[in-house]
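Notes for the one structure printed next.
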Amino acid sequence: MKFQTLIMTTLAGIALTACTSAPTIPQLELGVLQEVQNLEAYPETTNNSAKLTKFSDKCVIEFRGELENSRVIEQWSFKGLTLIDAGSATFMRDNTSSAQKFDLYDATTQKNFLALRNHFAKEAIEQCN
């Protein structure tokens, strides 16, 4: 009986320690740091999501959403607070598509980047410095 109590107490302690010490955001060398869904975005999209991925020299946010008659994918490459590259591709329901590169120095582009970046946890973004 004492042995069973000892085993149960040990297992409960291990389980409690594992639950309280697990980090929310993993520390990664490379890979997906965090994914978020249903973001407030401009223009307004439905079924949207964004994924923050860490690469060796930068981080990339990939935003996906659906507009009324199309699907859009945006990619935002950055390191720290510096936006390195950004652009989007739009795929129409009639099987046509278009792509555009964002002007990195445009105030609206910078505002949209910071708004999108703020949807991710501080701990995840800190790994992009």
Transitively linked via ILVMFWY side-chain contacts under 4.5 Å: L114 with I61? yes

Who pairs with F78 by ring-ring contact (aromatic ring centres under 6.0 Å, His included), at least two apart in sequence or on another chain? F113

Sequence neighbours excluded, every pair satisfying disulfide bond (SG atoms under 2.5 Å apart) that has a member inside residues 51-129: C59-C128

Minimal heavy-atom distance between L116 and A50, with the atoms involved, is CD1-CB, 4.2 Å

So, using side chain to side chain contact (heavy atoms under 4.5 Å, CB included) as the criterion, who are the partners of T108 when residues are at least two apart? D106, N112

Closest non-hydrogen contact found for S77 with V60 is OG-CG2, 3.6 Å

Going by the rule side chain to side chain donor-acceptor pair (under 3.5 Å), which residues pair with D94 if we only count those two or more places apart in sequence or in a different chain? T96

Drop me the distance from L33's CG to K51's NZ, to the nearest 0.5 angstrom. 11.5 Å

Please give the remaining members of the hydrophobic cluster of F91, linking ILVMFWY side chains under 4.5 Å, ordered by chain and number. I73

F120: what forms a ring-ring contact (aromatic ring centres under 6.0 Å, His included) with it, not counting sequence neighbours? none

Spacing of CG belonging to N38 relative to NE2 belonging to H119, to within rounding of 0.5 Å: 11.0 Å

Name all residues meeting the side chain to side chain contact (heavy atoms under 4.5 Å, CB included) criterion together with K111; count only those two or more places apart in sequence or in a different chain, and write none if there are none. none

Quick one: does Q127's side chain have a donor or acceptor within less than 3.5 Å of a partner on K54's backbone? no

Per-pair distances, 0.1 Å, donor-acceptor, side chain in residues 63-71, under 3.5 Å, sequence neighbours excluded:
residue : atom : partner : partner atom : Å
R64     : NE   : E62     : OE2          : 2.9
R64     : NH2  : E62     : OE2          : 3.3

Looking at F102 and G87, what are the two nearest heavy atoms and their distance? CD1-N, 3.7 Å

By side chain to side chain donor-acceptor pair (under 3.5 Å), D85 pairs with (sequence neighbours left out) K101

Side-chain cluster (under 4.5 Å, hydrophobic types only) that I84 belongs to, other residues: none

Quick one: CG on L52 to CH2 on W76, what's the gap to the nearest 0.5 Å? 14.0 Å

According to side chain to side chain donor-acceptor pair (under 3.5 Å), who are the partners of T45, at least two apart in sequence or on a separate chain? N48

